[in-house]
Amino acid sequence: MANVKITWLGHAAFLLEAEKKVLIDPFISGNPVAPCGPEELNPDIIAVTHGHGDHLGDTIEIGARTGSRIFSIHEVANYIKSKGVFAEGMNKGGTVNVEGTTLTMTDALHSSSIDASGFSFDGGCPAGFVIGIGGRSIYHAGDTAVFGDMQLIGEMYKPEIALLPIGDRFTMGINEALKAVELIRPKIVVPMHYNTFDVIRQDPVAFKQVVEAKTGAKVFIMKPGDSIEV
Ligand code: NI
Ligand code: MN
């Protein structure tokens with residue numbers, strides 16, 4: 001099995017590298033913990049979980065420069081296209097296959113909008129992705145509460161690695177993310193969407209301790225800019 005290099009760019013932004021480079025939720029230039037600039041990223045594929053600014057991020061700029069294939073829910077793709085950059089819409093339960101790298105859009109329990117000054121564009125529904133890359137199945141939950149159908153995601157796509165928000169307030173906190181691990185049953189968990197801002201301050205060590213005590217999963221605490229190979 002080929003290896004996948006997973007780099008955390010802070011917040012919900014990850015770069016997965018194997019036969020393709022997949023960039024998820026590239027919130028870089030506004031991200032106080034981003035380890036690089038958006039101009040340093042050259043993905044083949046960009047996956048956007050929902051329209052909020054801390055996820056759509058620099059998608060349009062990176063897509064315009066690199067010609068990456070951009071995938072998101074229909075409404076967010078339409079917004080990106082309205083800015084003159086090609087994007088491809090999809091929806092929940094659907095899979096796209098880019099020369100063997102697959103993106104399956106899953107549910108997420110959250111909201112979605114594209115916020116401009118004084119009003120919001122329709123951002124459709126929030127989503128997550130299961131990414132098939134390098135022989136691995138990797139679940140990026142997006143922003144979400146815990147929900148029972150995470151068990152279905154686990155059964156159907158058998159993600160070995162789950163990237164889960166733990167920052168609380170806008171997403172799951174530690175207790176909810178623990179339940180998510182129990183439902184999904186991955187081998188490896190990487191916490192995300194915490195400590196970017198004060199309002200999502202969280203202790204990843206406490207999360208690691210409770211998950212490793214109560215489940216068979218191993219928790220990898222990353223720092224922005226860190227990579228792991230799986
Ligand atoms: Ni959000
Ligand atoms: Mn968010």
Side-chain angles (χ1 to χ4, degrees), residues 4 6-16 22 24-25 27 31 33 47 49-50 52 54-55 92-93 103-112 125-133 136-230:
V4 183
I6 300 175
T7 304
W8 190 33
L9 302 173
H11 207 54
F14 285 87
L15 182 65
L16 313 181
V22 180
I24 309 159
D25 284 358
F27 170 56
N31 178 351
V33 299
T49 61
H50 63 295
H52 291 158
D54 59 319
H55 297 262
K92 293 173 186 181
L103 304 181
T104 301
M105 185 170 273
T106 70
D107 207 1
L109 205 57
H110 187 67
S111 65
S112 182
C125 294
F129 286 99
V130 176
I131 297 128
I133 181 169
R136 303 286 190 228
S137 177
I138 300 173
Y139 173 43
H140 185 295
D143 279 0
T144 189
V146 65
F147 56 96
D149 281 349
M150 284 179 169
Q151 185 172 359
L152 188 61
I153 293 169
E155 285 173 11
M156 290 197 64
Y157 308 114
K158 299 182 172 51
E160 298 160 272
I161 301 115
L163 314 175
L164 301 179
I166 66 161
D168 215 333
R169 181 148 176 163
F170 305 105
T171 68
M172 302 189 280
I174 287 176
N175 284 339
E176 294 78 12
L178 167 63
K179 186 66 192 178
V181 175
E182 291 173 347
L183 292 168
I184 302 159
R185 304 184 64 179
K187 294 193 182 92
I188 293 169
V189 176
V190 177
M192 64 166 175
H193 210 276
Y194 70 96
N195 292 358
T196 322
F197 307 107
D198 274 342
V199 288
I200 52 171
R201 216 23 80 206
Q202 193 59 272
D203 178 7
V205 175
F207 175 67
K208 177 181 172 71
Q209 285 170 345
V210 70
V211 168
E212 293 185 351
K214 296 196 170 180
T215 77
K218 184 111 185 82
V219 175
F220 287 11
I221 298 172
M222 299 177 75
K223 289 191 192 68
D226 279 357
S227 297
I228 56 172
E229 301 230 7
V230 294

Would you mind reporting whether I228 and V190 have side-chain heavy atoms less than 4.5 Å apart? yes

Taking all non-hydrogen atoms of both residues into account, name the closest pair between A180 and V146 and its distance. N-CG2, 3.8 Å

Drop me the distance from H193's NE2 to T171's OG1, to the nearest 0.5 angstrom. 5.5 Å

Taking it one step at a time, do V130 and T106 satisfy side chain to side chain contact (heavy atoms under 4.5 Å, CB included)? CA-CA 7 Å; V130 176; T106 70; 3.8 Å; yes

Rounded at 0.5 Å granularity, tell me how far OH in Y157 sits from CG in L152. 7.0 Å

Does F27 have any ring pair (Phe, Tyr, Trp, His ring centres under 6.0 Å) partners at least two apart in sequence or in another chain, and if so, which? H11

In terms of heavy-atom contacts, does NZ of K92 have more than 12 from other residues, nucleotides or ligands at under 6.0 Å? yes

Would H52 and D143 count as having a side-chain donor-acceptor pair, cut-off 3.5 Å? no

Quick check: closest heavy atoms across V181 and P186, and the distance to 0.1 Å? O-CD, 3.6 Å

Nearest heavy atoms of D25 and A12, plus distance in Å: CB-O, 3.6 Å

4.5 Å side-chain heavy-atom contact, T144 and P126: no

Separation between CG of L103 and NE2 of H140, rounded to the nearest 0.5 Å: 12.0 Å

Can you tell me how far CD of E155 sits from CG of D149, rounded to the nearest 0.5 angstrom? 9.5 Å

Could you tell me the separation between the OH atom of Y139 and the CG atom of L164, rounded to the nearest 0.5 Å? 7.0 Å

Is it the case that over 12 heavy atoms from other parts of the model lie below 6.0 angstrom from the CZ atom of R169? no

Heavy-atom pair of closest approach, residues M192 and A141: CE-N, 4.1 Å

Do M105 and F129 touch side chain to side chain, with heavy atoms closer than 4.5 Å? yes

Check: I131 and I24 side chains under 4.5 Å, non-hydrogen atoms: yes

Does I161 form a side chain to side chain contact (heavy atoms under 4.5 Å, CB included) with F220? I'd like the steps, not just the answer. CA-CA 10 Å; I161 301 115; F220 287 11; over 6 Å; no

Mind listing the closest non-hydrogen atom pair of Y194 and M222 along with its distance? OH-O, 3.9 Å

Distance, nearest 0.5 Å, that separates CD1 of I138 from CD1 of I188: 9.0 Å

Any side-chain heavy-atom pair of V230 and K187 under 4.5 Å: no

Where do F147 and I153 land on the side chain to side chain contact (heavy atoms under 4.5 Å, CB included) test, with the steps shown first? CA-CA 11 Å; F147 56 96; I153 293 169; 4.1 Å; yes

From CA spacing to verdict: salt bridge (charged side-chain N to carboxylate O under 4.0 Å, His left out), K179, E176: CA-CA 5 Å; K179 186 66 192 178; E176 294 78 12; over 6 Å; no

State, yes or no, whether a side-chain contact exists between V189 and F207 at a heavy-atom distance under 4.5 Å. yes

Is L178 close to T215 at the side-chain level, that is, under 4.5 Å between some pair of heavy atoms? yes

Taking C-beta and beyond as the side chain, do C125 and S112 meet within less than 4.5 Å on heavy atoms? no

Can you name the closest pair of heavy atoms from L9 and P224 and give their distance? C-CB, 4.4 Å

